[in-house]
Amino acid sequence: MAILSMREMLQQARSGAYAVGAFNILDYNSMRAVVDAAAELAAPVIIQTSVKTVLFWGYEPVVQWYRQLAGSVSVPIAIHLDHCKDLEVIRNCIKHGWTSVMIDASSKPFAENLALTQQVVKMAGPKNITVEAEMGAIVGVEDDIHVREQDAHLANVEEAERFCGQVSLDCFAPAIGTAHGVYKGEPKIAFDRLEKIAERTGLPLALHGGTGLSDEVFRRCISLGCAKVNISTQLKYAHIGGFVDYYHNHNKEYNPLKNLAAQYEKLKEGIIKDIQLFGSAGKA
Ligand SMILES: [Zn+2]
């Protein structure tokens, strides 16, 4: 594995006007699909783990899969903890070998969000672990974070600039109108706000709620400064769909390895399309 922190990965992506895919894995099979897709396309990639997934399997198994899989290919691969508001979980991920973490204190007022984010940067910095933080409220459900539509609000440009000026971040996630989960109707993306935040903070931005956006919206967000694109819901659907569809078509077989193989192919196929769309193929 080429050693490259998420910081360098995203800075290169931002200056090259492409984005690195950050894929939420669920188990070894889905992590393998992400790694194999990236290796096949010579793309840098981010393996993303939700808090729920980490707690379901335990820290050590997840990080062992990462070491084994990422260690067997030459493309740079980071492992990143997605939306986390629990400092204890962040501390454990840092201890066990995650290379990047996200502190999500976006539901807190500005000063509290900033203080918690500063605390995480202090924990991560000495170990050269990168940090992503969020501002605003992204509608939908992510892990145990539920944001109702009427409570969603976009990140404010001035506040975003002030926030990022007071803490050394590697990646910033402003709420710009995307949603976690499945879109109901056409999402309204605040492109002007996204552009201003990217300019004023100078940071690579993370685009959350990537599943279901049109190719056009992806391209535009990436051209305006999104260097990390989070894909989670798509993998959840492929994980279940790949397995179940195989079962429905071969329901006398009872050979779970074949179901798992179909699941892997379904996951990988979607990931390959994403990487190609984000422009990171061939950038490793
Ligand atoms: Zn998210």
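Not measured: the values here are computed from a predicted model. Atoms within a ligand are numbered from 1 in the order they appear, just like the ligands themselves.
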For the pair E161 and K196, find out whether any cationic side-chain nitrogen is under 4.0 Å from an anionic carboxylate oxygen.
no
For the Zn ion (ligand 1), find the closest N/O/S atom belonging to H180 and write down its atom name.
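Looking at H180, the N, O or S atom with the least distance to the Zn ion (ligand 1) is NE2.
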Heavy-atom side-chain proximity of F172 to P174 below 4.5 angstrom:
yes
Give the name of the N/O/S atom in H208 that lies closest to the Zn ion (ligand 1).
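Atom name of the closest N, O or S in H208: ND1.
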Please find the N/O/S atom of H83 nearest to the Zn ion (ligand 1) and write down its name.
NE2
Would you check if Y254 and Y247 make a side-chain contact, meaning some heavy-atom pair closer than 4.5 Å?
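Yes, close enough: below the 4.5 Å cut-off.
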Is it true that R91 and E88 have a side-chain N and a carboxylate O under 4.0 angstrom from each other?
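A salt bridge is present here (some side-chain N lies under 4.0 Å from a carboxylate O).
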